[in-house]
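Notes follow the structure.
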Amino acid sequence: MSGERILVAEDSPEVREFIADYVLKPAGYEVLVADDGAIAFRLAREKKPDLIIADWRMPNLDGLDLKRALTSHSINVPFILISGEATEEVIAQAALSNVSAFLRKPLKTDVLLKVVSYHLSQQRKSLPVADSTEKRVRELETLQSIGHALTSTLDLDQVLSRVVEAAVSLTDAEEGSLLLLDEYTHELVMRAARNFDDQFVRTFRLRSEDSLAGEVIRTGTPMLFGPNMPQKIKTSYLVRSLIYVPLRMQNRIFGVLGVDNRINARTFADTDVTTLNALADYAAIAIENARLYQHTNAERLKLEAILTHTGDGVIVVNDSNRIVLINAPARAVLNLDENHVAGKLVTDVIINQEVRDLLTHESAASPQKRTEIILDDNRVFNASLTPVPEVGRAVIMQDITHLKQLDRIKSEFVTTVSHDLRSPLTAILGYVGLLKRVGPINAQQDEFIKRIEISANAITTLITDLLDLGRIEAGFDTQKEPVSLARLAKHAADGLSPKAGLKGQKFVANIPESLPPVLGNAIRLRQMSANLIDNAIKYTPEGGTVTVNLLEADDQEIFTVSDTGIGIPLADQPYIFDKFYRAKGVPDTIQGTGLGLSIVKSIVENHGGRIWVDSKPNQGTTFTVVLPKYVEKKK
Ligand code: ADP
């Protein structure tokens, strides 16, 4: 016989659902429902519930008639009458019909559960346990229902109360308690109790060192005492028989579950210890679940607070391009009002094309890692993509407006100064050239003139580079047309191969006659090729090899310049594209401004391409440039 099956007879679907689904089922009870009195009567006869909750006003048979009908058929399970009206007449009629309890609607969860559990335990006590098999079935059913409660609710108080209640009922004890060890004070506190005074439970604190419960925690062994060895658990708390079992999680014991008898002289059996052990396992799981839940929740809240309060915008998406999180700064940047975007597709939520491309870029060959977002109000954001293992990808957006402004001011300054220097330099070179024509010059004077020319030429190169860079960065070279990169690269290679010859280098150019065009500026693309080839020759000692390759792959053209030269130390590699940067250890004899690669990089990026370097000191260097093929727009 189950002590846990409850029939709910109620015609209002809302109230029925509330009692069944929100109160009884989460507490682990099996629930039968009926929406009128006649059906309830039939179910009561067929399914033999252990308790009935019935509304007073119901179609066919009202609550009191149902109770009378049940009594006349000797069905005397606890009967709780519920009603919205509580007139004296109703209460009197309920009392006369031998109703166990009368509750007024609206019902309160805790009150209803208390009344139900009280009447069920009274009922159990009044029922003779026919034999041990039947008792065992009851135990198993109770354990099963607690297991169910454990998985269906995160309310720790509710689960622990059910565990203690079951402990008392299954061992037929007078009292039950669940004591937890406070790690800091080493005291035991009562976390749940049955048949103890509320005030006693609240104030109960027991030193673990000199208590029986403490001993169970220390030894990890259950304890069973009979009436012939009374134990004083605490001053004024004397029991005749008792069981304590440890609460254990991963070899750590953190509390005890106990039942006792103060008045009754009945001894507990060994099987009671087994039952209590099973219940203790449930309690331990519930406590661990609650602890993990609290921990996870606290971590989640912490992370949320960090993400919300960081100034940078953060967007996280999963591998199917669905939004996992967008923090407030990112919402502000992307002009998103909506708060509830989690789970939606990136393409449904984010309008900004750059961010969309960054997040949804699928071409593994050229996974884009960062982009700049320029807003209507001229603010500039640097958006970078980072993989997040086991989650997906995150985009972090930083406001770089002030850096961009600084950069612009600096470039404008450099351009202006370069311009102003160019005229006097041209004059110096012109007059130096004239010097020899106006009169005889001795050998030393001639040497000095040569040095002036070399220096003035070096400054002119620097200024030309600076002006070029300024122009490219400012985007003045917007004039683009379909051009043959193959032809331009070949021109550059042909122009420079004599220079390699002078150094006794082997110069190899694998450039196909014709390749599809790229969209670009011919002068700049040739400059880019020439700069890379020139560097390769410059940084490769005599007798080395310089190889230029151009090939097509899918929708791209790949241009590489390799040499067997001095190479670039790993530590310098990230900076070689910066303005004026020259790697450490470059011999003084190799002249340069440190601007060539900045120009190359600006040109490549202006053409929608990418450039990178692979290099090993003393072995050689390869620069790779990838440019998109020109695609004719459909009219
Ligand atoms: P520079 O005028 O100094 O050549 P670049 O901007 O062209 O300036 O190159 C920057 C630095 O990168 C060089 O100073 C050199 O240290 C390194 N570098 C560039 N190309 C090569 C190469 N092919 N081999 C070795 N080092 C190189």
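The model shown is predicted, which means the values in this text are computed figures rather than measured ones. Starting from 1, each residue takes its place in the sequence as its number.
In this structure, the separation between OG1 on Thr560 and CG on Asn549 is 4.0 Å, given to the nearest 0.5 Å.
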Please evaluate residues Arg393 and Asn321 with respect to the criterion side chain to side chain donor-acceptor pair (under 3.5 Å), reporting the C-alpha separation (whole Å), side-chain torsions for both, the decisive distance (0.1 Å), and the verdict.
CA-CA 9 Å; Arg393 282 150 293 145; Asn321 283 332; 2.9 Å; yes
Between Thr310 and Asp312, does a side chain to side chain donor-acceptor pair (under 3.5 Å) hold up when you go through it step by step?
CA-CA 6 Å; Thr310 172; Asp312 295 342; 4.6 Å; no
With salt bridge (charged side-chain N to carboxylate O under 4.0 Å, His left out) as the test, would you mind laying out the steps for Lys450 and Glu453 before giving the verdict?
CA-CA 5 Å; Lys450 272 200 194 106; Glu453 274 177 338; over 6 Å; no
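Ion pair Lys302/Glu299 flagged as a salt bridge, since at least one NZ, NE, NH1 or NH2 atom sits closer than 4.0 Å to an Asp/Glu carboxylate oxygen. Salt bridge status for Glu183 with Arg252: present, with a side-chain N to carboxylate O gap under 4.0 Å. Salt bridge annotation for Glu557-Lys629: absent, with no cationic side-chain nitrogen under 4.0 angstrom from a carboxylate oxygen. A salt bridge between Asp407 and Lys404 is absent, with no side-chain N of the basic residue lying under 4.0 Å from a carboxylate O of the acidic one. Checked for salt-bridge contact, Asp182 and Arg205 meet the test: a charged N lies under 4.0 Å from a carboxylate O. Taking 4.0 Å as the cut-off between side-chain N and carboxylate O, Arg582 and Asp572 do not count as a salt-bridged pair.
Between Tyr575 and Tyr581, the angle of the ring planes lies from 30° to 60°, which puts this pair in the tilted group.
In this structure, a donor-acceptor pair under 3.5 Å is present between the side chains of Asp468 and Gln527. Side-chain contact check for Asn606 and Arg524: no donor-acceptor pair (N or O, by modelled atom type) lies under 3.5 Å.
The shortest side-chain heavy-atom distance between Ile323 and Val346 falls under the 4.5 Å cut-off. Side-chain contact between Thr547 and Val561 is absent, with no heavy-atom pair separated by less than 4.5 Å.
Sorted by first and then second residue, the pairs that involve residues 483-500 and meet side-chain hydrogen bond (donor to acceptor under 3.5 Å, both in side chains), not counting sequence neighbours, are Lys490-Asp494, Lys499-Asp534.
Gln573 places a side-chain N or O within donor-acceptor distance of the main-chain N or O of Ile568, the cut-off being under 3.5 Å.
The two residues Ile326 and Arg331 make their nearest non-hydrogen contact at O-NH1, 2.9 Å.
More than 12 heavy atoms of other residues, nucleotides or ligands sit less than 6.0 Å from atom CD of Glu447.
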